[in-house]
Every structure is written in C-alpha cells, then in structure tokens.
Amino acid sequence: MNNSTEHLLGRINHQFHSFSKGQKKLASYILDNYDKAAFLTAAKLGETVGVSESTVVRFAIHLGYKGYPEFQKVLEELVRTKLNSIQRMEVTYGKVPQSEILDTVLHSDIDKIKLTLEGIDHQAFELAIELLLSARNIYVVGIRSCAPLASFMSFYLNLIFDNVRLLTTSSSSEIFEQMIHIGEEDVIVGISFPRYSMRTLKALEFANNRKAKVITLTDSVHSPMNLYSSCNLIARSDMASIVDSLVAPLSVINALVVALSMRKQKEVVERLESLEKIWDEYQVYNNDEIDPTDSEEIQLLDPNHSDR
C-alpha cells in the first residue's frame with residue numbers, strides 16, 4: 001500500500017461512497033480541515049466531529065492504515081508540506097497566551113531533540129562519518145532557512161578537512177556550475193526541511209547522477225530529499241510554525257563535527273595550533289575580542305558609566 005501524503009485526500013474522496021454515516025462526517029471534516037485534524041488525538045477528533053473514538057479508528061483502518069497513529073502520521077506529512085507560513089503560525093501558536101510563548105517554544109524545541117534522539121538511525125550516522133572521512137571533496141547545500149545550517153556545518157568541517165565546498169547560490173544553474181566537477185569519489189550533504197527546496201533536491205539529483213555519495217539531513221523518511229540519498233539522517237523539526245525549529249538538526253550537525261574531530265584528532269589539533277599562531281601573528285582577534293578583565297574597556301561599553 002502506498003501511504004504517500006499525495007494520495008491521502010484522493011483516497012478519502014475515492015472511498016467516500018463506501019463510508020458509514022459517521023465515517024462520512026469524519027471524511028468531510030478532514031477534507032475541509034486537515035490542517036487542524038492532524039493535531040488531534042483519535043478521541044479529540046471524534047469529539048470534534050461528533051462520533052466515537054472507535055469510529056475514528058475504524059475510519060483509519062478502512063482507508064488501509066494499520067491504525068489511527070499511522071493515519072495521523074501521514075496526515076501530519078500532508079500538513080507539513082502544504083501549509084503556508086501564516087497557516088502554520090495560526091495552527092501552532094494561535095491559542096498560546098503571550099505570557100507562555102517563551103516556555104512553549106523552548107519546551108517544543110526540547111521535545112524535538114528528544115524525539116530525534118529516540119528515532120535517529122545510528123548506523124546511518126556512522127555511515128555518514130565514514131563517507132565524509134573518505135571523500136575527495138565534500139559539498140554542503142542548504143537553501144533558505146536551511147542556509148545557516150549549511151554555513152555552520154561548512155565552517156566547522158573546514159577546520160577538519162581541506163576539501164569542503166559550501167554551495168551558495170540563488171539559482172539552480174549556479175548550483176550546477178559549482179558542482180561541475182563532482183564525481184563518484186565525492187560526497188554531498190543536502191539539508192532541507194519543510195517547505196522543501198527544489199534547488200536542493202536538484203543538486204542532490206545531479207550529484208547522484210554523477211555517482212557521488214549523497215547524505216541527507218531532513219525531517220522524515222517521506223522527505224523528497226531521500227530520493228537520491230544513500231545515507232539519511234532524520235532530525236525532527238517543528239512541523240507547523242512561522243519559524244522553522246532547527247535545533248534538532250543543528251544538534252545532529254554538532255554530533256557529526258565532534259565525531260569527525262575525534263576520528264581526526266591529531267590533524268585537528270595541529271590545524272588549530274597553526275591557526276592560533278596565525279591569529280596571534282596577524283592580531284585577528286586583538287581588536288575584536290572583549291577581555292572581561294579589562295575594566296577600562298568594559299566601562300567604555302557601559303552607557304551608564306561616568307567617571308567620578
């Protein structure tokens with residue numbers, strides 16, 4: 001059975017005539033309000049529509065799913081890819097009091113990391129380490145809200161390797177120009193979360209066609225980014241918010257950097273020692289770092305300070 005989100009609403013429409021009276025009420029509500037239904041438990045959905053919880057469960061099974069959790073997961077994927085930013089904000093935080101927003105968002109981010117920890121594939125993580133260690137060149141791509149993740153990852157990979165290339169571009173053609181020499185000895189890391197980037201997907205497709213190894217960092221096994229990937233790292237992101245919650249993927253990137261640093265510890269230490277000497281010699285940080293022991297400098301920064 002194909003549980004693709006693209007076919008869920010079509011399946012409901014197609015089977016509508018075979019539903020019971022209660023199931024038809026459910027179907028009508030979901031077709032009109034799938035953005036809200038995705039966040040309801042079976043009991044709450046039944047209460048909202050006016051049917052029993054068992055009717056909701058039977059409805060999911062009638063559609064071909066093992067139960068309500070599997071049906072809800074596919075419905076969540078539909079919401080993840082279809083809602084625009086305004087709708088996502090209204091669904092997630094529309095009913096949260098202003099005074100509770102800080103706690104709500106922080107707890108939500110904590111939950112994303114916990115869910116990622118519980119579900120991440122450790123074998124895929126180890127495979128990613130081996131692929132990056134053996135790569136002739138490492139390409140990293142992340143577009144729009146994922147661009148800071150790609151930049152962060154590239155910055156630290158450059159402290160470990162000499163062969164890291166961050167793809168920075170505003171068009172697909174420029175991406176291909178930067179990847180023109182990619183081949184089977186190379187690795188590309190594609191980072192994309194809803195709403196997924198077509199430019200990132202095209203870059204991964206191009207790399208795959210050139211026989212390069214493809215690592216993806218995305219939010220779900222259903223992500224289109226996994227079409228061309230040989231190594232999938234799944235990190236949970238906030239599925240319905242005006243601001244993408246990317247703390248979990250950032251933690252996965254941190255773990256990758258730490259693991260790679262440990263595998264190349266000698267080289268990393270030597271590189272950092274060389275950099276420290278260069279920074280000192282050329283006074284890279286001398287005029288840019290604040291020394292907390294320098295009371296005179298702190299006083300200059302304090303607008304309330306006045307000499308007495």
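Values below: every heavy atom of this structure, side chains too, minus hydrogens, waters and symmetry copies.
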Which residues share a salt bridge (charged side-chain N to carboxylate O under 4.0 Å, His left out) with Arg263, sequence neighbours left out: Glu130

Tyr139 and Asn163 side chains, donor-acceptor separation under 3.5 Å: no

Donor-acceptor side-chain pairing of Ser223 and Thr218 below 3.5 angstrom: yes

Side-chain donor-acceptor contact under 3.5 Å, Ser151 with Ser154: no

By ring pair (Phe, Tyr, Trp, His ring centres under 6.0 Å) - contacts of Tyr156 (at least two apart): Phe152

Partner set under side chain to side chain contact (heavy atoms under 4.5 Å, CB included) for Ala147, not counting sequence neighbours: none

Flag for Asn226-Thr216: side-chain donor and acceptor within less than 3.5 Å: yes

Plane angle bin for Phe16 and Phe19 - parallel if under 30°, tilted between 30 and 60°, otherwise perpendicular: perpendicular

Side chains of Lys112 and Ser108, donor plus acceptor under 3.5 Å: yes

Pair His62, Ser18: side-chain N/O donor-acceptor within cut-off below 3.5 Å: yes

Shared hydrophobic cluster for Leu132 and Val258 (ILVMFWY, side-chain gaps under 4.5 Å): no

Pair Lys24-Tyr29, side chain to side chain contact (heavy atoms under 4.5 Å, CB included): steps then yes or no: CA-CA 8 Å; Lys24 286 181 178 178; Tyr29 179 83; over 6 Å; no

Side-chain donor-acceptor pair present, Arg144, Tyr196, cut-off under 3.5 Å: no

Gap between atom CG of Leu131 and atom OG of Ser230 - 0.5 Å precision: 5.5 Å

Side-chain heavy-atom pair Lys213, Ile188 within 4.5 angstrom cut-off: no

Heavy-atom side-chain proximity of Asp186 to Ile138 below 4.5 angstrom: no

Sub-4.5 Å side-chain heavy-atom contact between Leu167 and Val140: no

